[in-house]
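Some notes on the structure that comes next.
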Amino acid sequence: KLAFEYALRSNSENIIWALISTESGLHKWIADMVESDGDSFTFTWGDPDHEHETRRATIVELVKNSHIRLRWDDDEDEEAYWEIRMVKSDLTNDYLLEITDFALAEDVESLRDIWDQNYEELHRNTGL
């Protein structure tokens, strides 16, 4: 179980919530294409017409303006999930994203790189 924290330049609860809980928000920083069908999201990386990867995640828990917890449908570890939590900083009054994810010991660095890249993409696309 791993935890990552990223500072955002926003104190808008609605903007942050939309970025972590909607297909249009997740598309801005998690995957090239995101589709929702109620209790799950389908994430696609790469060109859907050519070489690409697609994974589906089911919402395990969703608390509005707090966090979303998802589980990859193809994950063999029943305990594994990934969670994006929005937390308001008492110091800056801006929001932080707290990410919880799971990886094998040999995959920790690559998972950290993925979340760092996601955060950079979020910053590039939204300025937050």
Tell me, with the steps shown, if Leu26 and Ile84 meet side chain to side chain contact (heavy atoms under 4.5 Å, CB included). CA-CA 11 Å; Leu26 291 166; Ile84 308 169; 4.3 Å; yes
Side-chain donor-acceptor contacts of residues 106-117 below 3.5 Å, not counting sequence neighbours, with atom names and distances?
residue: Ser110; atom: OG; partner: Asp107; partner atom: O; Å: 3.0
residue: Trp115; atom: NE1; partner: Asp101; partner atom: OD2; Å: 2.9
residue: Asp116; atom: OD1; partner: Tyr6; partner atom: OH; Å: 2.7

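- For the pair Leu122/Ile30, no side-chain contact is recorded, criterion being any heavy-atom separation below 4.5 Å from C-beta on.
- Between the CZ atom of Arg85 and the CD1 atom of Ile16 there is a distance of 15.0 Å, given to the nearest 0.5 Å.
- Scored by the side chain to side chain donor-acceptor pair (under 3.5 Å) test, Ser36 finds no partners at all (sequence neighbours excluded).
- Screening Thr22, Asn118, Val34, Thr126 for a side-chain contact (heavy atoms from CB on, under 4.5 Å) with Lys28, the sole residue that qualifies is Thr126.
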Take Leu19 and Leu97, measure what side chain to side chain contact (heavy atoms under 4.5 Å, CB included) needs, and give me the verdict at the end. CA-CA 11 Å; Leu19 288 170; Leu97 288 183; over 6 Å; no
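- Contact annotation: the side chain of Phe41 approaches that of Ile59 to within less than 4.5 Å [non-hydrogen atoms, C-beta and beyond].
- In this structure, Glu76 CD and Glu78 CD are separated by 9.5 Å, a value rounded to the nearest 0.5 Å.
- For the pair Ile20 and Tyr95, the minimum side-chain heavy-atom distance is 4.5 Å or more.
- Under the rule for a salt bridge (charged side-chain N to carboxylate O under 4.0 Å, His left out), Arg9 has no partner lying at least two apart in sequence or in another chain.
- Taking the salt bridge (charged side-chain N to carboxylate O under 4.0 Å, His left out) definition, one finds that Glu5 meets it with nothing, sequence neighbours left out.
- Nearest heavy atom pair, residue Ala80 against residue Asp75, reads CB-OD2, 3.4 Å.
- Between the CD atom of Glu83 and the CZ atom of Arg69 there is a distance of 4.5 Å, given to the nearest 0.5 Å.
- Look at Glu79 and Lys1 and you find no salt bridge, because none of the NZ, NE, NH1 or NH2 atoms lies under 4.0 Å from a carboxylate O.
- Judged as a salt bridge (charged side-chain N to carboxylate O under 4.0 Å, His left out), and not counting sequence neighbours, the contacts of Asp37 are Arg56.
- Within the 4.5 Å cutoff, the side chain of Met86 has heavy atoms near those of the Glu13 side chain.
- Counting only heavy atoms from C-beta outward, the side chains of Ile15 and Leu128 approach each other to under 4.5 Å.
- Between Glu121 and Asn125 there is a side-chain heavy-atom pair separated by less than 4.5 Å.
- A distance-only check finds no donor-acceptor pair linking the side chain of Tyr81 to the backbone of Phe102 [under 3.5 Å].
- No donor-acceptor pair closer than 3.5 Å links the side chain of Trp45 to the backbone N or O of Arg55.
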Leu2 and Thr100: side chain to side chain contact (heavy atoms under 4.5 Å, CB included), yes or no, with the steps? CA-CA 6 Å; Leu2 304 166; Thr100 303; over 6 Å; no
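- Defined by atom type and a distance below 3.5 Å, a donor-acceptor pair is present between the side-chain atoms of Thr58 and Asp73.
- Between Asp94 and Asn11 the shortest side-chain heavy-atom distance falls below 4.5 Å.
- Linking ILVMFWY residues whenever their side-chain heavy atoms come closer than 4.5 Å, directly or via other members, places Tyr119 and Trp17 in the same cluster.
- Within the structure, every pair that satisfies the ring-ring contact (aromatic ring centres under 6.0 Å, His included) test and touches residues 46-78, not counting sequence neighbours, is listed here: Phe43-Trp72, Trp72-Trp82.
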